Amino acid sequence: MTFAAPLEAKSIRFRARSFVAFTLTPEAPLSEWLESLDRWIGNSPGYFTGRPVVLDLNTLKPEVSQIETLVVELGHRGIRIYAIEFDGGPALGHHLPPALIGAKEATSDGLLAGAKAAAGKPDEAKADEGKETRLGGDTLMVKTPIRSGQSVFHAHGDVIVLGSVASGSEIVASGSIHVYGTLRGRASAGVLGNSAARIFCRKNEAELLSVDGWYCTAEEMEPSVRGKAVQAFLDNDTLRIATLG
């Protein structure tokens with residue numbers, strides 16, 4: 001007769017982790033909102049690829065059936081919803097993303113900040129170490145040009161880039177963005193709700209400029225602000241782009 005040895009009890013380890021999630025806040029009429037989203041995606045293909053997205057429904061306040069349709073529509077556009085924020089809304093079924101509880105604005109030092117290659121290869125990541133410096137007041141300074149395919153995410157304040165920003169790259173910051181070279185990629189400032197944020201660059205060849213969710217693409221910019229030193233800022237919920245000097 002043989003006896004099985006008792007299984008050794010193993011502890012289960014839980015960890016809390018903070019990260020930046022992009023929030024989509026649809027508004028009525030939904031068809032027009034989706035059309036605006038399609039224009040954004042058309043001008044910035046792949047913008048949401050691989051990124052956690054939270055669907056904020058506190059403005060739209062839809063029924064469950066409408067939520068189901070909206071999640072499917074976003075899925076067709078390559079946008080995967082990780083969670084839904086809907087205070088006091090109806091119970092969501094298991095087939096829908098979970099309801100988000102206790103959401104807070106991003107402030108943790110554990111959030112992603114700094115430049116990372118799109119391919120995410122370990123050797124490339126090591127090569128970029130030391131090229132970013134934290135300045136006082138939670139400002140991130142990037143000392144080298146930002147290459148095509150790279151992204152800089154900084155959820156703590158301003159971003160300063162000493163070089164140029166290539167086409168196909170992007171900068172996302174909760175504060176303002178300063179580029180002391182040519183800005184050819186995408187720049188999104190004030191992404192956590194800071195309407196006072198601004199974008200400054202020495203030469204504007206940007207694919208897209210955005211402040212607090214209000215954006216302007218290269219095709220929509222006036223010729224008078226292309227190739228010039230400019231600043232982008234919000235004025236009564238309108239994104240203004242003005243030359244400097």
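All values reported here derive from a predicted model rather than from experimental measurement.
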K.L.:
Please tabulate, for side-chain N and O atoms in residues 87-100, each donor-acceptor pair with protein atoms closer than 3.5 Å (sequence neighbours left out).
P.N.:
unit_1 : atom_1 : unit_2 : atom_2 : d
H95    : NE2    : E68    : OE2    : 2.7

K.L.:
Could you tell me if the side chain of I146 sits less than 4.5 Å from the side chain of V179, heavy atoms only?
P.N.:
no
K.L.:
Output the distance between atom CG (N58) and atom CD1 (I84), rounded to the nearest 0.5 Å.
P.N.:
11.0 Å
K.L.:
Within the structure provided, determine whether Q66 and L60 are in side-chain contact (heavy-atom separation under 4.5 Å).
P.N.:
no
K.L.:
If only atom types and distance count, is the side chain of D158 paired as donor or acceptor with the main-chain N or O of G175 below 3.5 Å?
P.N.:
no
K.L.:
State which residues pass side-chain contact (heavy atoms from CB on, under 4.5 Å) with A173; sequence neighbours excluded, sorted by chain then number.
P.N.:
V159, I177
K.L.:
What pairs meet the salt bridge (Lys or Arg N to Asp or Glu O under 4.0 Å) rule with one or both residues in residues 52-65, with sequence neighbours excluded?
P.N.:
none
K.L.:
Which residues pass the side-chain hydrogen bond (donor to acceptor under 3.5 Å, both in side chains) test with R198, sequence neighbours left out?
P.N.:
Q231
K.L.:
Check side-chain contact (heavy atoms from CB on, under 4.5 Å) between S174 and all other residues, then give those that pass, not counting sequence neighbours.
P.N.:
L192
K.L.:
Mind jotting down which residue pairs meet the salt bridge (Lys or Arg N to Asp or Glu O under 4.0 Å) criterion with at least one end in residues 231-245? Sequence neighbours excluded, please.
P.N.:
D235-R240
K.L.:
How long is the gap from OG1 on T59 to CZ on F86, to the nearest 0.5 Å?
P.N.:
10.0 Å
K.L.:
If you apply the rule side chain to side chain contact (heavy atoms under 4.5 Å, CB included), what do you find for V165 with V152, and how did you get there?
P.N.:
CA-CA 10 Å; V165 180; V152 173; over 6 Å; no
K.L.:
With a 4.5 Å cut-off on side-chain heavy atoms, are R77 and L34 touching?
P.N.:
yes
K.L.:
Only counting residues at least two apart or in another chain, list the ones meeting salt bridge (charged side-chain N to carboxylate O under 4.0 Å, His left out) with R226.
P.N.:
E205
K.L.:
Hey, quick one: are V71 and V64 part of the same hydrophobic cluster, counting side-chain heavy atoms closer than 4.5 Å, chains of contacts allowed?
P.N.:
yes
K.L.:
Could you list all the ring pair (Phe, Tyr, Trp, His ring centres under 6.0 Å) pairs where at least one residue sits in residues 172-199, not counting sequence neighbours?
P.N.:
H178-F200
K.L.:
Supply the members, apart from F233, of the Ile/Leu/Val/Met/Phe/Trp/Tyr cluster built from side-chain contacts under 4.5 Å; use none for a lone residue.
P.N.:
none
K.L.:
Evaluate V142 against I171 for side chain to side chain contact (heavy atoms under 4.5 Å, CB included), listing each step before the verdict.
P.N.:
CA-CA 11 Å; V142 182; I171 307 170; over 6 Å; no
K.L.:
Contact between V161 and L183 at the side-chain level, heavy atoms closer than 4.5 Å - yes or no?
P.N.:
no
K.L.:
Looking at NZ of K228 and CG of L244, how far apart are the two atoms once the value is rounded to the nearest 0.5 Å?
P.N.:
11.5 Å
K.L.:
Over all heavy atoms of both residues, which pair between A206 and A218 is shortest? Give the atoms and the distance, please.
P.N.:
O-CB, 3.4 Å
K.L.:
Can a donor-acceptor pair be found, under 3.5 Å and without considering hydrogens, that links the side chain of S164 to the backbone of T182?
P.N.:
yes
K.L.:
So, using side-chain hydrogen bond (donor to acceptor under 3.5 Å, both in side chains) as the criterion, who are the partners of S148 when residues are at least two apart?
P.N.:
none
K.L.:
Measuring only between side-chain heavy atoms, which start at C-beta, is T243 closer than 4.5 Å to S224?
P.N.:
no
K.L.:
Restricting to side-chain contact (heavy atoms from CB on, under 4.5 Å), what partner residues turn up for S195, sequence neighbours left out?
P.N.:
D212, L234
K.L.:
Contact between L30 and T69 at the side-chain level, heavy atoms closer than 4.5 Å - yes or no?
P.N.:
no
K.L.:
Around W33, counting heavy atoms of other residues, nucleotides and ligands shown, do more than 12 lie under 6.0 Å from its CH2?
P.N.:
yes
K.L.:
Ignoring hydrogens, what is the shortest heavy-atom contact between R184 and S167? Give both atom names and the distance.
P.N.:
CB-N, 3.6 Å
K.L.:
Any heavy-atom pair between the side chains of L70 and I81 that's under 4.5 Å?
P.N.:
no
K.L.:
Test side chain to side chain contact (heavy atoms under 4.5 Å, CB included) on L208 and S188; report intermediate values, then the result.
P.N.:
CA-CA 8 Å; L208 179 144; S188 299; 4.3 Å; yes
K.L.:
Can you see which heavy atom on V53 is nearest to which on R80, and at what distance?
P.N.:
CB-O, 3.7 Å
K.L.:
Taking all heavy atoms of S210 and all of I199, pick out the closest pair and write down the distance.
P.N.:
O-CD1, 3.4 Å
K.L.:
Could you tell me which residues satisfy side-chain contact (heavy atoms from CB on, under 4.5 Å) with P29, sequence neighbours excluded, listed by chain and number?
P.N.:
S31, E32
K.L.:
Which heavy atom in H154 sits nearest to a heavy atom in D138, and how many Å separate them?
P.N.:
NE2-O, 2.8 Å
